[in-house]
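Just below is one structure, and these are the notes that go with it.
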Protein chains: 2
Amino acid sequence: MERLLKFVKIGINEKIYIKDPESTTLGKRIVEESILLIQEIGFEAFTFKKLGQRIGSNESSIYRYFENKHKLLLYLTSWYWGWLEYKLVFATNSITEPREKLRTALTIVTQAAEVDSNFSHIDEVLLSKIVINEYSKSYLTKEVDADNKEGYFVIYKRLVNRLSTMIAAVDAAYKYPSSLASTVLEGSLHQHFLKDHFASLTDCHEKGDPTDYFIELVFNALNTTPNG
Amino acid sequence: MERLLKFVKIGINEKIYIKDPESTTLGKRIVEESILLIQEIGFEAFTFKKLGQRIGSNESSIYRYFENKHKLLLYLTSWYWGWLEYKLVFATNSITEPREKLRTALTIVTQAAEVDSNFSHIDEVLLSKIVINEYSKSYLTKEVDADNKEGYFVIYKRLVNRLSTMIAAVDAAYKYPSSLASTVLEGSLHQHFLKDHFASLTDCHEKGDPTDYFIELVFNALNTTPNG
DNA sequence: TATAAAATGATAGTAATGCTATTATCTTTG
DNA sequence: CAAAGATAATAGCATTACTATCATTTTATA
């Protein structure tokens, strides 16, 4: 996995950035350090000026890569979903049994990124925390429909659809495959958030718990069991 | 219901406001019109200055009621959850059969506020839309833990717990009552949002659909049916 | 290696935001 | 009708979210 991903580039909608941050050292530093800074001070307090100071570069230089911090957030979250999608496809591709395939998919999609993921300049563990805390803000805006039209959410949508398809493959008669898929993806972020800030609102306290919870939920919804 | 609520005041944590907006005409106008304005231009673009202009009042006067717009959002969303809680308790109080009770609760909690709710200066239909679009922003902040400690989310937490208790009453052996309850509340907002902006990510296109989806989901999770 | 082109850095400037403070005026209500 | 309380008007300040310009450095290429 690590090796492979050294050669794979997550394909992100080119309209999200002005200049591809993957193409230069400064660009990579912007992405790399923005993850750290957003994680530290939160997206609201995050500014390009602060990021510039942190990376010893200039505010105006960062503006040459991203139009504004919202676009940067779209970039980071797109990257994350693209990375998850890649892991999902990679892990489920060879599985033919629908239930096993779905179970594997759910595991990947609901578990917190925790292990060896140092295969690029991006810290996926931190990035997953940013996604938990900030992803909603990328679409809960007055500009959603325009942004959606521009294709800023394609990767996420594709991911939901992949999951939805896998759900339908287990039970073609199930009436809500897309809703269930989107509930799992969104709900998983939410349960991880609750774990950290509203422990009384969740039962997922141990590692792996959101995964167990969602696997049970999904397979019960489909009136079957996770194991063939 | 309408009549009753004329006499009931939603009890909101007094630390959320500086001066109780319910206590004066200006206060009520602030609440009333902020709902309209936030719905129109979104929470990001919303400012006290614009609100002041709209209600023919002054920015500084609004600051005497709310410390900042974040507190106002906390107020509005607390009000909404308090209102929902009231409806929930009112509708389920007399029901003894656990499954029927849960089904009724799920209906109230997942359906979009749509009907006759003109019993106060607050437009609940609009407010529910604000909750759908903005609620996450009230807790996805760096100050969540502090805000939570101050008790700014008590009503929401109590609502999740009520639902969780009803779930446990149907199946005491179910391992994730709180997670399921929080998934339903959050997930319901999300499905309503998807309906409006990402139709391909949901199957809930008709009125009542999120409700049907969640009722089926919950009762399947509990390995039983909605009807006694 | 000279030289043009591209990228970056430094500085300045602007309108808007998110406040706080002060003072003036209007409304109650005792 | 006077005092208290509420509201309005105005000003001011630090920060944000940019844009623009120009200088300097790096890189590419002839």
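For A/T47, counting side-chain heavy atoms from C-beta on, the closest listed nucleotide (D/dA17, C/dG18, D/dA6) is D/dA17. In this structure, the nucleotide among D/dT7, C/dA21, C/dT11 sitting nearest to the side chain of B/S60 is C/dA21. The side chain of B/Y63 has C/dT20 as its nearest neighbour among C/dT20, C/dA10, C/dT8.
Counting non-hydrogen atoms under 4.0 angstrom, A/K49 reaches nothing in the nucleic acid. Within the 4.0 angstrom heavy-atom criterion, only backbone atoms of the sugar-phosphate kind lie near A/S57; the bases stay farther away.
For B/K50, no side-chain nitrogen or oxygen approaches OP1 or OP2 of C/dA16 to under 4.0 Å.
Across B/I35 and B/D123, no two heavy atoms sit closer than the pair CG2-O, 4.3 Å.
Rounded to whole Å, atom C1' of C/dT17 lies 13 Å from atom CG of B/N68. Rounded to an integer number of Å, the gap from OH of A/Y65 to P of C/dA6 is 14 Å. The nearest whole Å value for the distance from the CD atom in A/E67 to the P atom in D/dC18 is 8 Å. Taking atom CD on A/E59 and atom P on C/dA7, their separation rounds to 20 Å, with Å as the unit. Regarding A/R64, its CZ atom lies at a distance of 12 Å from the P atom of C/dA10, rounded to whole Å. Per the geometry, NE2 belonging to A/H70 stands 17 Å off C1' belonging to D/dT16, to the nearest Å. Atom P of nucleotide D/dA6 and atom CG of B/N58 are separated by 17 Å, given to the nearest angstrom. Rounded to whole Å, the distance from CD1 on A/I55 to P on C/dG9 is 8 Å.
Using a 4.0 Å cut-off between charged nitrogen and carboxylate oxygen, B/K142 and A/E44 do not count as a salt-bridge pair. Between A/K9 and A/D20 there is a salt bridge, since at least one side-chain N of the basic residue sits less than 4.0 Å from a carboxylate O of the acidic one.
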TODO: Given ring-ring contact (aromatic ring centres under 6.0 Å, His included), test B/Y65 with B/Y17 step by step and report yes or no.
DONE: CA-CA 6 Å; B/Y65 286 85; B/Y17 48 76; 9.1 Å; no
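If you check the side chains of B/H192 and B/Q111, you find no donor sitting under 3.5 Å from an acceptor.
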